[in-house]
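Have a look at the structure below before the remarks.
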Amino acid sequence: MKKIAWMLALALCITLPAAAQKDKRAQQILDAMSKKYQSLKSYQAAFTYTSAGAGAKESLKGDLTVKNEKFRLVLGGQEVFTDGKTMSTYIKESNEVNVQDYEGGATSELNPTQIYTIYKRGFDYRFLKEQKQGGRTVEVIELTPNRPKSPVSTIQISVDKADKSVRSWLIVNKDGKRTSYTITKFTPNVNVPDSLFVFDKAKYPGVEVVDLR
């Protein structure tokens, strides 16, 4: 479940010198990126997930579909569904689904429908550099949580300079663990039915339903 939580939060949430608070160039890039995603009615993103730390390394492929306040996430044998009211987390290994009320407000940490505005709450940020990534020029922004108890040291977001889409992000924990997500395919304004975001028990024969509401 930890990898799911990281994706939904963009870690979704250093001690940097005071001068690195919120620089103008970084804010302009982040604002442009945020504006792009908030203008979309829906989108689908395929991505690769890698995690390294404490001598262990893991690499997985995932898929995220978002439509307004609804989302569906598939990653590492788990599927998360929410229609904005109920969240269902299906675990393939045990053929079990946990159902709970979903609180997707602005303060929710499990809310990928708002990951493109998360930098506005509880983070300092600065522009780091431009670099090439997959033949594209990206602008790298470093976010630093300004909450002392956060387990995250930094988050680096790479934004495509041309179209303002997010190409990748890297989360570095204070314990040295490094988690990265790289977008391999992005499709804006996909035509998806609302039923995609609701767990359908009939499609999972023998599933055990654990209702936590």
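- Within the 4.5 Å cutoff, the side chain of N95 has heavy atoms near those of the Y90 side chain.
- One hydrophobic cluster, built from ILVMFWY side chains closer than 4.5 Å, cannot hold both V159 and L128; they sit in different ones.
- In terms of heavy-atom proximity, A26 sits nearest to Y125 at CB-CD1, 3.8 Å.
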* Asked: Are M33 and S165 close enough, and set up right, to give a side-chain contact (heavy atoms from CB on, under 4.5 Å), and what steps lead you there?
  -> CA-CA 6 Å; M33 175 270 292; S165 64; over 6 Å; no
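- Residue L73 is grouped with residue V166 when hydrophobic side chains (ILVMFWY) are merged at heavy-atom distances under 4.5 angstrom, including chains of intermediate members.
- Nearest approach of D63 to F47, heavy atoms of both residues: N-CE2, 3.4 Å.
- Both F123 and L30 belong to a common hydrophobic cluster when Ile, Leu, Val, Met, Phe, Trp and Tyr are linked at side-chain heavy-atom distances under 4.5 angstrom.
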* To do: Go through E130 and R25 one step at a time and tell me if the salt bridge (Lys or Arg N to Asp or Glu O under 4.0 Å) criterion holds.
  => CA-CA 12 Å; E130 284 189 12; R25 182 172 179 179; 3.0 Å; yes
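- Rounding to the nearest 0.5 angstrom, the gap separating the CD atom in Q100 from the CG atom in N98 is 7.0 Å.
- Going from atom NZ of K174 over to atom NZ of K149 covers 11.0 Å, rounded to the nearest 0.5 Å.
- Put simply, L196 and Y102 are part of two different groups of oily side chains (I, L, V, M, F, W, Y) that touch within less than 4.5 Å, one to the next.
- Using a 4.0 Å cut-off between a side-chain N of Lys or Arg and a carboxylate O of Asp or Glu, E139 and R126 do not qualify as a salt bridge.
- With no hydrogens or angles considered, a side-chain donor-acceptor pair links E79 and Y204 at under 3.5 Å.
- The shortest non-hydrogen separation linking S180 to L170 is CB-CD1, 4.0 Å.
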* Could you walk me through whether K177 and S51 pass the side-chain contact (heavy atoms from CB on, under 4.5 Å) test, one step at a time? => CA-CA 7 Å; K177 181 180 179 181; S51 176; 2.9 Å; yes
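- Tracing side-chain contacts under 4.5 Å through hydrophobic residues (I, L, V, M, F, W, Y), one never reaches F199 starting from V66; they form parts of separate clusters.
- Smallest separation of non-hydrogen atoms from S153 and P145: O-CD, 3.6 Å.
- Between D163 and K36 there is no salt bridge, since no side-chain N of the basic residue sits under 4.0 Å from a carboxylate O of the acidic one.
- Remark: D200 CG is packed, more than 12 non-hydrogen atoms of other residues, nucleotides or ligands lying under 6.0 Å away.
- Although no hydrogens or angles enter the test, the distance criterion places a donor-acceptor pair under 3.5 Å between the side chain of D23 and the main chain of F127.
- Considering all non-hydrogen atoms of both residues, Q156 and V140 come closest at OE1-CG1, 3.9 Å.
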* To do: Begin with the C-alpha distance, continue with both residues' side-chain angles, and end with the deciding distance and a verdict on side-chain contact (heavy atoms from CB on, under 4.5 Å) for M87 and V99.
  => CA-CA 6 Å; M87 184 165 71; V99 182; over 6 Å; no
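- Side chain of D160 to main chain of A162: a donor-acceptor pair is present (N/O by atom type, distance under 3.5 Å, no hydrogens or angles).
- With respect to Q44, the side chain to side chain donor-acceptor pair (under 3.5 Å) criterion is satisfied by exactly one of N189, T187, T65: T65.
- Aromatic pair F71/F197: centroids not less than 6.0 angstrom apart.
- Figure legend: cation-pi geometry between R167 and Y181 absent, as NZ or CZ is not positioned both under 6.0 Å from the six-membered ring centre and within 45° of its axis.
- Here the straight-line distance linking atom NZ of K161 with atom CD of Q133 works out to 15.0 Å at 0.5 Å rounding.
- Between the side chains of T89 and Q78, no donor-acceptor pair of N or O atoms lies under 3.5 Å.
- A donor-acceptor pair is defined here as one N or O able to donate and one able to accept, closer than 3.5 Å; such a pair exists between the side chain of S42 and the backbone of V190.
- The structure places CD1 of I157 at 8.0 Å from CH2 of W169, a figure rounded to the nearest 0.5 Å.
- N68 places no side-chain N or O within donor-acceptor distance of the main-chain N or O of K70, the cut-off being under 3.5 Å.
- Between the side chains of T50 and S59, no donor N or O sits under 3.5 Å from an acceptor N or O.
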* **Full working for side-chain contact (heavy atoms from CB on, under 4.5 Å) between L75 and L60** => CA-CA 7 Å; L75 180 65; L60 300 168; 4.0 Å; yes
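- No donor-acceptor contact under 3.5 angstrom links the side chains of D124 and Y119, judged on distance only.
- Side-chain contact between V152 and V172 is absent, with no heavy-atom pair separated by less than 4.5 Å.
- No donor-acceptor distance shorter than 3.5 angstrom exists from the side chain of D83 to the backbone of E69, with no hydrogens or angles considered.
- Side-chain contact annotation: T137 with K132, donor-acceptor N/O pair under 3.5 Å present.
- Minimum heavy-atom separation, S88 to V97: CB-CG2, 3.8 Å.
- The backbone N or O of V192 sits less than 3.5 Å from a side-chain atom of K67, completing a donor-acceptor pair.
- Cation-pi geometry between R72 and F81 is not met at under 6.0 angstrom from the ring centre and within 45 degrees of the axis.
- Annotation: the span from Q28 atom CD to I141 atom CD1 amounts to 10.0 Å, rounded to 0.5 Å.
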